[in-house]
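Written out below as C-alpha cells is the structure these notes cover.
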Amino acid sequence: MSADGHGALIVLERDTGLEEVAETGVMIHADVSADLLRTIFAPRTPLHDGAVIIREEIILSAGSLLPLAEMTVHTERFGTRHRAALGITEQTDAVVIVVSEENGQVSLVERARIVRNLNEAQLARAVRSLLSPSDGRGPFGRRPPGDGTGVGGRAPRLVELSRRVGRSRPRRRARTEDEAAAAAARGPS
C-alpha cells in the first residue's frame, strides 16, 4: 500500500477490547489477508477512510471511526490518520499501523507514541515484538490475568522498540587484552 500511495489505518487489538470502536464501522469477521486489506484501503472505496480493527487473525471491522488525539501538539503535526492512531492508543493498549497517503511513510503507534518511516522488515520486527506470544503470553501478546508479570503483562514499550528496530548502531567489538594494553600505553587520544 505504501508503494502504491494508498493510505491505511490498521488497529491491532491487544488486551483492551475494541468491540465498541469496531461497531462504528462495517463488521466483517474475515480472515486477515493482504488482498483483503489492499481492497479495503483502495482509493475511492466506501471503507478506505476508516480504520480496520484486527482481533487475533480476524478482521473484525472496516471503516471504523477512531477517537482523535486529545493533545493539541498532535493536531498541528499530524494528519487525520495519525491523530486517530494517537487517539485510540491514548485510550487503549492497541497497536496501530499507519500508512500515509501523502508520502507513503509507514508508522507504528503504541501508547500515543509514534515510530515513523519504518521499512517492511522494521515494521514486521516491531509488530512481532509487540504482539509475540513469548514469556508465557498467549496469542498476540496476551497473558493470563494475575500471572505476576507486572504492569498488566504488557509487551515492550514502543520507545524500547525504536532503539532496537533498525536504528541501533552496530555493536563495537570488545578489545582484546593486548589491544587494551596497547591503547593504555599510547595514553589519551
Side-chain angles (χ1 to χ4, degrees), residues 1-19 21-22 25 28-41 47-48 50-62 64 66 69 74 78-79 81-101 103-144 149-168:
M1 290 182 279
S2 173
D4 294 334
H6 298 171
L9 186 57
I10 302 169
V11 180
L12 307 173
E13 181 183 80
R14 289 165 74 184
D15 292 330
T16 306
L18 299 175
E19 192 72 29
V21 174
I28 293 181
H29 297 283
D31 292 338
V32 173
S33 75
D35 288 338
L36 181 53
L37 289 172
R38 276 194 293 273
T39 300
I40 290 169
F41 290 113
L47 302 175
H48 89 280
V52 162
I53 309 293
I54 296 178
R55 175 182 289 158
E56 297 180 6
E57 296 91 20
I58 302 296
I59 295 177
L60 192 57
S61 68
S64 297
L66 302 182
H74 297 311
F78 300 112
R81 277 193 180 95
H82 288 86
R83 288 176 38 220
L86 289 163
I88 194 71
T89 62
E90 283 175 350
Q91 298 178 18
T92 71
D93 66 347
V95 174
V96 183
I97 300 166
V98 183
V99 180
S100 171
E101 196 168 323
N103 58 23
Q105 188 178 75
V106 178
S107 302
L108 189 63
V109 184
E110 191 238 7
R111 298 184 185 174
R113 293 191 174 104
I114 295 180
V115 175
R116 300 180 81 173
N117 204 22
L118 295 171
N119 64 34
E120 188 175 342
Q122 291 169 328
L123 178 65
R125 258 193 318 269
V127 169
R128 255 192 311 275
S129 179
L130 286 167
L131 304 178
S132 72
S134 62
D135 297 297
R137 296 179 194 274
F140 291 83
R142 294 190 173 138
R143 288 187 188 273
T149 56
V151 189
R154 296 204 169 154
R157 289 183 167 267
L158 197 56
V159 174
E160 295 163 7
L161 286 174
S162 67
R163 292 185 197 124
R164 294 188 302 207
V165 179
R167 290 188 169 85
S168 60

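- Residues V11 and V109 have side chains not in contact (no heavy-atom distance under 4.5 Å, counting atoms from C-beta outward).
- Between E90 and A112 the shortest heavy-atom distance is CG-CB, 3.6 Å.
- Distance CD1/I40 to CE/M1: 9.0 Å, rounded to 0.5 Å.
- With contacts defined as side-chain heavy-atom distances shorter than 4.5 Å, the pair E19/L60 qualifies.
- Taken to the nearest 0.5 Å, the CG atom of L66 stands 11.0 Å off from the CZ atom of R81.
- The main-chain N or O of D35 is found under 3.5 Å from a side-chain atom of T39 such that the two form a donor-acceptor pair.
- The two atoms that bring A62 and I28 nearest to each other are CB-CD1, 3.3 Å, heavy atoms only.
- The nearest pair of heavy atoms linking L36 to A30 is CD2-CB, 3.8 Å.
- When all heavy atoms of N117 and S107 are compared, the pair lying nearest together is N-OG, 4.3 Å.
- One distance of note links CG of L131 with CD of E110; it measures 9.0 Å at 0.5 Å rounding.
- For L9 against F41, the heavy-atom pair with the smallest separation is O-CZ, 3.3 Å.
- When the options L123, V106, N103 are evaluated for a side chain to side chain contact (heavy atoms under 4.5 Å, CB included) with S2, the one that passes is V106.
- The shortest non-hydrogen separation linking D93 to R14 is O-CD, 2.9 Å.
- Side-chain contact between Q105 and R116 is present, with heavy atoms from C-beta onward closer than 4.5 Å.
- Without hydrogens or angle criteria, T89 side chain to L86 main chain gives a donor-acceptor distance under 3.5 Å.
- I59 pairs in a side chain to side chain contact (heavy atoms under 4.5 Å, CB included) with only one of the listed residues (D31, I10, I54), which is I54.
- Of the candidates L18, I97, V96, L12 forms a side chain to side chain contact (heavy atoms under 4.5 Å, CB included) with just one, namely I97.
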